[in-house]
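Structure first, then comments.
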Number of protein chains: 2
Amino acid sequence: MIQRMTRQRSAVAELLADVDDFRSAQQLHELLRGRGNEIGLATVYRTLQTLADAGEVDVLRAEDGEALYRRCSRREHHHHLVCRRCGTAEEIDGPGVEAWAEAVGAAHGFSDIVHTMELSGICASCAAEAGDA
Amino acid sequence: MIQRMTRQRSAVAELLADVDDFRSAQQLHELLRGRGNEIGLATVYRTLQTLADAGEVDVLRAEDGEALYRRCSRREHHHHLVCRRCGTAEEIDGPGVEAWAEAVGAAHGFSDIVHTMELSGICASCAAEAGDA
DNA sequence: CCCTTAATGAGAATGATCCTCATGTTCAGA
DNA sequence: TCTGAACATGAGGATCATTCTCATTAAGGG
């Protein structure tokens with residue numbers, strides 16, 4: 001858990017408040033630098049890890065396995081609809097997925113069921129751009 | 001696409017037919033070596049990639065981002081219930097997930113919707129082992 | 001203001017995956 | 001069956017994300 005508030009951690013928190021796309025640690029580091037925040041890459045990784053452990057940020061994996069982070073408005077469990085082009089994301093509800101997951105798991109003798117479900121697509125504005133290009 | 005059948009590719013295919021857990025490329029490489037198959041790691045990666053592109057094997061990501069492969073009996077779209085301990089997997093159906101995904105995507109102005117949904121848990125035999133230990 | 005101790009950062013270490021390119025092998029055609 | 005062009009292999013290096021090391025810095029309670 002976070003024990004001390006530092007300049008770097010504040011900067012990460014502020015950035016996450018402003019950006020609502022899923023971004024990689026490296027991208028976030030770039031953005032911080034761009035804003036004039038001196039911060040080491042390792043610190044960005046550490047901070048994101050801590051925030052993720054605390055459930056403050058959501059993590060998902062790009063197709064190539066890279067971790068993407070985002071601060072979500074809801075703390076409760078939810079799913080995402082992410083734009084593959086720009087990373088923008090909407091929070092969505094999975095209708096009864098949780099109950100279904102439990103039931104299916106139990107039916108197969110599995111316990112401690114965890115589920116992941118993510119949707120991705122091309123958002124309206126990216127689709128428009130692609131059309132122009 | 002695969003154009004020539006080689007000793008190495010046959011070996012990978014045979015191994016995949018025998019193993020029905022999700023395994024990493026490195027693990028599969030180890031297993032092949034264990035079976036007495038001389039094969040380079042790069043070839044294992046290449047072969048798995050090709051098979052994945054052809055839809056012959058399913059790929060999913062471990063929590064740490066590592067790619068895991070498995071040859072599934074069904075070619076059609078389906079989901080998995082994977083044991084986090086041993087990697088064994090069951091193929092399952094997502095009741096209406098596809099239709100729901102399309103609808104949600106459209107509602108948010110997203111096109112070209114793709115969805116991923118995976119369940120993981122601890123399988124009965126792993127739970128039993130853990131109980132003994 | 002001053003310690004104690006957590007936090008930082010630069011760079012090395014790790015680990016998965018991909019690339020290079022010289023060499024080996026497959027297989028269609030002769 | 002023999003051959004050669006083109007595809008495949010493999011050893012090791014290159015990449016790239018992420019983590020670790022450890023000396024240095026700086027919160028913040030007392």
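Labels below follow one simple rule: chain letters A, B, ... track the order of the sequence lines, proteins then strands, and each chain is numbered from 1. For clarity, every value in this text was computed on a predicted model and none was experimentally measured.
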Using atom CD1 of A:Ile2 as one end and atom C1' of D:dG28 as the other, report the distance to the nearest whole Å. 16 Å

Do the ring planes of B:His80 and B:Phe22 sit parallel (below 30°), tilted (30 to 60°) or perpendicular (above 60°)? perpendicular

Is A:Arg74 paired with A:Asp58 through a side-chain N to carboxylate O contact shorter than 4.0 Å? no

For A:Leu51 and C:dA7, give me the distance from atom CG to atom P, rounded to whole Å. 12 Å

Identify, residue by residue, the members of residues 4-20 of chain A with a heavy atom below 4.0 Å from DNA chain D, and return them in order of residue number, or none. A:Arg4, A:Met5

Short N-O contact, A:Asp64 and B:Arg61, less than 4.0 angstrom: no

Let me see the working for B:Ser73 and B:Glu91 under side-chain hydrogen bond (donor to acceptor under 3.5 Å, both in side chains), right down to the final yes or no. CA-CA 9 Å; B:Ser73 52; B:Glu91 295 170 34; 3.1 Å; yes

Salt-bridged, A:Glu56 to A:Arg75, with N to O below 4.0 Å? yes

Rounded distance (Å) that lies between atom P of D:dT18 and atom CG of A:Leu48: 10 Å

Does any N or O in the side chain of B:Arg9 come within less than 3.5 Å of the main-chain N or O of B:Arg4, such that one atom is a donor and the other an acceptor? yes

What class does the angle between the rings of A:His77 and A:His115 fall in, given that below 30° is parallel, 30 to 60° is tilted and above 60° is perpendicular? perpendicular

B:Glu14 side, atom CD; B:Arg71 side, atom CZ - distance, nearest 0.5 Å: 10.5 Å

Protein proximity profile, nucleotides 10-22 of chain C - base contact B, sugar-phosphate-only contact S, no contact -, cut-off 4.0 Å on heavy atoms: ------SBSBB--

